[in-house]
There are 2 protein chains.
Amino acid sequence: MINSRLAVSVHILSLIASHPDQAMSSEFIAGSVNTNPVVIRRLTGSLRQAGLLATTAGKSGAMLTKRPEEITLLMIYRAVESKDNLFSIHEHPNPACPVGRNIQSTLDNTFMRAQRALEAELEAETLADVMHHLAQAR
Amino acid sequence: MINSRLAVSVHILSLIASHPDQAMSSEFIAGSVNTNPVVIRRLTGSLRQAGLLATTAGKSGAMLTKRPEEITLLMIYRAVESKDNLFSIHEHPNPACPVGRNIQSTLDNTFMRAQRALEAELEAETLADVMHHLAQAR
DNA sequence: AATTTCTGTAACTAAAATAATTACATGTAT
DNA sequence: ATACATGTAATTATTTTAGTTACAGAAATT
């Protein structure tokens, strides 16, 4: 199962976007997510590096650096997910075997297609869409 | 990253399908995959439960119970992957917060769409396709 | 029938990933 | 100066994954 960093990051960005007036501390956000403030700060660090938000050391609060309509879930996913490949492929299959020799490149192509399909869905949804759903669900 | 069980399972099934005459032991397959025979037997156990192959205790070799054209990668994936959900969502967000209260159901829908897109790709490719690619790559 | 060889499966170990936590240097505001 | 925040390193606990050992029992061979 993929880790929860995308889920928590969407939570963080939704909170910031829905309260543009308030400066929310990592501790406050952690209270909404129900985790440790350091977990939040690590994620905002990655989101800042990806250019999705701006923070100031020592100063409470974060600002989005793009409009919610411009932030896709794929951008968030890429910002906080270190792994390039979704599926693992076993290493060192036997090169003396016709299957072992070619299975990696074959699966590489297949898995890449599946991954791209997933990423296309993540790219089709923006933070604005998420906020709309959040508001509807209320 | 998703575990390598799908990759290894495709390897196993490709080997069996490409040598319908030979009875391959878990030890032989393990030699091609480059892992421990028990890892192979665990996977063939799951594949057998899913109705993709037949084995006999004490007797070497396994037989496919469907034609390679009928076995999709999604069937294999479902056979060896225990988790229902691809993405994790953080538990116990704060119900007193409008975002915390609704983030789970919102992300649940979003992640389900992404997962379905991935699974549709896995469903579109069969073991026969994989074997075709393996033969071409040689 | 005895032996060999295999599968199925439980139990254990090792390594890696994830999240939570502690600690602290440093920046900002009053 | 003090209070309070962020950024980040280091540590710990938990879970997942894969590899391994061990062995009961099925099948084939002699």
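Letters go in sequence order (proteins before strands), and every chain restarts at 1. Note: hydrogens, waters and symmetry copies are ignored here, and every other heavy atom, side chains too, is used. All figures in this text were calculated on a predicted structure; none of them were measured in a lab.
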Colleague: For B:S25 and B:F28, indicate whether the former's side chain and the latter's backbone hold a donor-acceptor pair under 3.5 Å.
Modeller: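 Yes; judged by distance alone, with no hydrogens or angles, the pair exists.
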Colleague: Starting from C1' on C:dA20, measure out to CG on A:N3 and report it in whole angstrom.
Modeller: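 Distance check: A:N3 CG to C:dA20 C1' gives 14 Å.
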Colleague: Could you tell me whether a side-chain N or O of A:T65 sits under 3.5 Å from a main-chain N or O of A:L52, the two making a donor and an acceptor?
Modeller: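 It does hold such a pair.
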Colleague: Verify whether one side chain among B:D129 and B:T126 offers a donor that lies under 3.5 Å from an acceptor in the other.
Modeller: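 Yes, a side-chain donor-acceptor pair sits under 3.5 Å.
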Colleague: How long is the line joining CD of B:E91 and P of C:dT18, in whole Å?
Modeller: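 It works out to 16 Å between those atoms.
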Colleague: From the set C:dA29, D:dA28, D:dT6, return the single nucleotide nearest to any side-chain atom of B:K59.
Modeller: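 Looking only at side-chain atoms, B:K59 lies closest to D:dA28.
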Colleague: Would you say the side-chain atoms of B:S18 pair up with the backbone N or O of B:L15, donor to acceptor, closer than 3.5 Å?
Modeller: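 Yes, the answer is positive, given that a donor and an acceptor are paired below the 3.5 Å cut-off.
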Colleague: Could you tell me whether A:E125 and B:R113 have a side-chain N and a carboxylate O separated by less than 4.0 Å?
Modeller: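 Salt bridge: yes.
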Colleague: For B:T35, answer base if it contacts any base atom (sugar-phosphate contacts may also be present), sugar-phosphate if it contacts only those atoms, and nothing otherwise; contact means non-hydrogen atoms under 4.0 Å.
Modeller: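 Sugar-phosphate contact only.
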Colleague: What is the separation between atom CD1 on B:I89 and atom C1' on C:dT18, rounded to the nearest whole Å?
Modeller: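 The answer, rounded to whole Å, is 17 Å.
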Colleague: Without decimals, in angstroms, what is the distance between A:H92 NE2 and D:dG19 C1'?
Modeller: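 Taking atom C1' of D:dG19 as the reference, NE2 of A:H92 is at 14 Å.
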Colleague: I'd like to know if B:R48 reaches the base of C:dT9 with its side chain such that a donor and an acceptor end up less than 3.5 angstrom apart.
Modeller: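 Per atom types, no contact qualifies.
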Colleague: Is the number of heavy atoms from other residues, nucleotides or ligands under 6.0 Å of A:M63 CE greater than 12?
Modeller: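 Counting other residues, nucleotides and ligands, CE of A:M63 stays at 12 neighbours or fewer.
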Colleague: Considering only D:dA27, D:dT6, D:dA18, which nucleotide approaches the side chain of A:T55 most closely?
Modeller: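 From the listed options, D:dT6 comes nearest.
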Colleague: Answer yes or no: is there an ion pair linking A:R67 with A:E69, defined by an N-O contact shorter than 4.0 Å?
Modeller: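 Counted as a salt bridge, because a side-chain N and a carboxylate O are separated by less than 4.0 Å.
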Colleague: Take the protein atom CZ of B:R41 and the nucleotide atom P of D:dT21, then report the distance between them rounded to whole Å.
Modeller: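 It is 13 Å, rounded to the nearest whole Å.
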Colleague: With a 4.0 Å heavy-atom cut-off, tell me which residues in residues 11-31 of chain B come close to DNA chain C, sorted by residue number.
Modeller: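 Listed by number, they are B:S25, B:S26.
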Colleague: For the pair made of CD1 in A:I40 and C1' in D:dT6, what is the distance, rounded to whole Å?
Modeller: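 Taking atom C1' of D:dT6 as the reference, CD1 of A:I40 is at 13 Å.
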Colleague: For B:I2 and D:dA18, what is the distance between atoms CD1 and P respectively, to the nearest whole Å?
Modeller: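 Rounding to the nearest Å, CD1 of B:I2 and P of D:dA18 are 12 Å apart.
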Colleague: Using side-chain heavy atoms (C-beta onward) and a distance below 4.5 Å, is B:D108 in contact with B:F87?
Modeller: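 Answer no - side chains too far apart.
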Colleague: Which is more 5' along DNA chain C, the nucleotide nearest B:Q49 or the one nearest A:N36? Just name the residue.
Modeller: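 Its nucleotide being nearer the 5' end, the pick is B:Q49.
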Colleague: Categorize B:T56 for me: base, sugar-phosphate, or nothing, with a 4.0 angstrom heavy-atom threshold over every strand shown.
Modeller: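 Answer is sugar-phosphate: B:T56 comes under 4.0 Å of backbone atoms only.
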Colleague: Would you say A:S4 reaches C:dA19's phosphate, i.e. side-chain N/O to OP1/OP2 under 4.0 Å?
Modeller: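 Looking at the OP1 and OP2 atoms of C:dA19, one of them is under 4.0 Å from a side-chain N or O of A:S4.
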Colleague: Under 4.0 Å between any heavy atoms, over every strand shown, what does A:R5 touch: base, sugar-phosphate, or nothing? Just pick one.
Modeller: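 Contact class for A:R5: sugar-phosphate only.
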Colleague: Mapping B:T44 and A:V38 onto DNA chain C by nearest heavy atom, which one lands closer to the 5' end?
Modeller: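 Result: B:T44.
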Colleague: Reading DNA chain D from 5' onward, which residue's closest nucleotide shows up sooner: B:R42 or B:K83?
Modeller: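 First, find each residue's nearest nucleotide; the 5'-ward one identifies B:K83.
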Colleague: Which whole-number value in Å describes the distance from B:F87 CZ to C:dA19 C1'?
Modeller: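 That distance rounds to 18 Å.
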